[in-house]
Amino acid sequence: MHIEVLISPSPISPASPHSRPDVGALATFTGLVRGSENDLPISALVYEAYQPMAEIVMHRLLTELAAAHPCHSVFVQHRIGVVPVGETAIHIAIQARHRAPAFALLAAFMDRLKQDVPIWKTDTLS
Amino acid sequence: MHIEVLISPSPISPASPHSRPDVGALATFTGLVRGSENDLPISALVYEAYQPMAEIVMHRLLTELAAAHPCHSVFVQHRIGVVPVGETAIHIAIQARHRAPAFALLAAFMDRLKQDVPIWKTDTLS
Amino acid sequence: MTVLYFAHARRITGVSQEEIPATAPLTVSAFWDRLIQHHPDLAALRTSSRLARDNDFLPSSAHIEPTDEIAVIPPVSGG
Amino acid sequence: MTVLYFAHARRITGVSQEEIPATAPLTVSAFWDRLIQHHPDLAALRTSSRLARDNDFLPSSAHIEPTDEIAVIPPVSGG
């Protein structure tokens, strides 16, 4: 499986992954900053990462999970620093032959990311 | 839940749904035409729909499924006619507060679509 | 009755729509018998296909009126 | 030992990195005792945080060498 992981303070513009004739399914997830946190309005979240550990752990998790859910490619982008409301904090694109492994890998990876990848929301800006 | 369903012979260009500050999750699925069918190379698939029943059934399924998986919006596009290899036959974009209902609605809707929505692959072009 | 044929059903009948004369309501089973009288090869689709009226699938207990428009829906394969 | 602090741990210590002198290997538990000696408020993070070395989480059975670089990883909240 082809894996690309990128953590960067730049805004995320989700490019379509390069198409291949054996790809029948593309599943994506975009995590966006909502306008409130604990019912209080906010203008942005601040994210921090332990690089490169966060990138390495994401790589490792994806490789592990792909054994159960074989896919062709995964592209993960996580933004750090200030991420304004409505903008993208994380974008994941998974290509596979069929939709089932793509959906399963996507959901399982997000669960593991929220347990094991050293990235933190450190602050809310109001 | 806001629902938009579109069946059309035009190529699908998946526009980003309008963002709202209460949307924290955007899940999408793109179904693409693969280069082979039953191990034989093909150049395109031909899709046919019973309109408007297909649109109405998709609307109804989404409304039903959203009771269990509440989301903010769903946008479904299905292409009909000749769809060349590598191009998109179906695109679904679901916006929700959190990722879990978006993933669940996406997977459940695709399962039901493949059982109950009167759209057919009627031909393969080699 | 107006009957609409899609996908494999249309290939068998050669038409996408036809009128089938009826003077009284038919059960789903009698409706299929009638279709197969007109198009014997539709018998191959009988168990796998569903009928629809007013954008909804018909239960097997339905009655079909002479004025109905009925669609023959072979197994679907969208997505 | 070099210790890296992230997120809430960095807020508590006020530094993102520091040297803590050690002459012999430490268990994970003894390492935490040492950190909390230097920064008493880190005690609040002890049960919820994990330690990492070489881009991997340390098992609680690990030994930490005087030359190691150890990261203190409070509960994560990415995505």
Side-chain angles (χ1 to χ4, degrees), chain A residues 11-37 39-45 69 72-73 83-114 121, chain B residues 11-37 39-45 69 72-73 83-114 121:
Chain A
I12 291 174
S13 47
S16 303
H18 188 70
S19 188
R20 299 162 31 160
D22 57 349
V23 168
L26 166 65
T28 76
F29 172 70
T30 309
L32 303 133
V33 175
R34 285 196 309 274
S36 64
E37 185 89 348
D39 286 334
L40 293 173
I42 64 166
S43 68
L45 289 175
H69 312 296
H72 292 329
S73 75
V83 185
V85 166
E87 297 193 14
T88 296
I90 187 168
H91 181 77
I92 305 175
I94 299 183
Q95 291 181 316
R97 186 166 179 85
H98 298 290
R99 74 186 188 286
F103 288 162
L105 183 61
L106 186 52
F109 175 69
M110 282 304 299
D111 289 347
R112 293 295 300 276
L113 178 133
K114 285 173 178 284
K121 293 183 183 84
Chain B
I12 292 174
S13 47
S16 303
H18 188 70
S19 188
R20 301 162 29 161
D22 57 350
V23 168
L26 166 64
T28 76
F29 172 70
T30 309
L32 303 133
V33 174
R34 284 196 309 274
S36 63
E37 185 90 347
D39 287 333
L40 293 174
I42 64 167
S43 69
L45 288 176
H69 312 296
H72 292 329
S73 75
V83 185
V85 166
E87 296 194 15
T88 296
I90 185 168
H91 182 77
I92 306 175
I94 299 182
Q95 291 180 316
R97 187 166 179 82
H98 298 290
R99 72 186 189 286
F103 288 163
L105 183 61
L106 186 52
F109 175 68
M110 281 304 299
D111 289 347
R112 294 295 300 274
L113 178 132
K114 286 174 177 284
K121 293 183 184 84

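Only a predicted model underlies this, so the values are computations on that prediction, with no experimental measurement involved. By convention in this document, chain letters (A, B, ...) are assigned in the order of the sequence lines, proteins followed by strands, and residues within each chain are numbered from 1.
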Check your understanding: Who wins among A:P41, A:G35, A:A107, A:G24 for the most heavy-atom pairs under 4.5 Å with chain B?
Key ->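 Result: the option with the highest number of such pairs is A:G24.
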
Check your understanding: What option among A:T88, A:V23, A:V33 has the most heavy-atom pairs under 4.5 Å with chain B?
Key -> A:V23

**Study point:** Qualifying residues under side-chain contact (heavy atoms from CB on, under 4.5 Å), relative to B:A108, sequence neighbours excluded
**Key:**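 If we apply the side-chain contact (heavy atoms from CB on, under 4.5 Å) test to B:A108, skipping adjacent residues, the hits are B:L65.
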
Practice item. Mind checking salt bridge (Lys or Arg N to Asp or Glu O under 4.0 Å) for A:E87 and listing every partner two or more places apart, or none if nothing turns up? Key: A:R79

Point to revise | Any residue meeting salt bridge (Lys or Arg N to Asp or Glu O under 4.0 Å) with A:R112, in chain and number order, not counting sequence neighbours | key: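 A:R112 satisfies salt bridge (Lys or Arg N to Asp or Glu O under 4.0 Å) with A:E64, A:D116 once adjacent residues are dropped.
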
Check your understanding: Do you know which of B:I90, B:L106, B:L26 has the most heavy-atom pairs with chain A at a distance under 4.5 angstrom?
Key ->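 Among B:I90, B:L106, B:L26, the one with the most close pairs to chain A is B:L26.
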
Exercise for review: Examine whether an atom of B:V85 lies under 4.5 Å from a heavy atom of chain A, and if so say whether it belongs to the side chain, the backbone or both; otherwise answer neither.
Suggested key: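 Contact with chain A is through the side chain of B:V85 alone.
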
Point to revise | residues 92-105 of chain A: residues contacting chain B (heavy atom under 4.5 Å, by number) | key: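 Contacts with chain B: A:R97, A:H98, A:R99, A:F103.
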
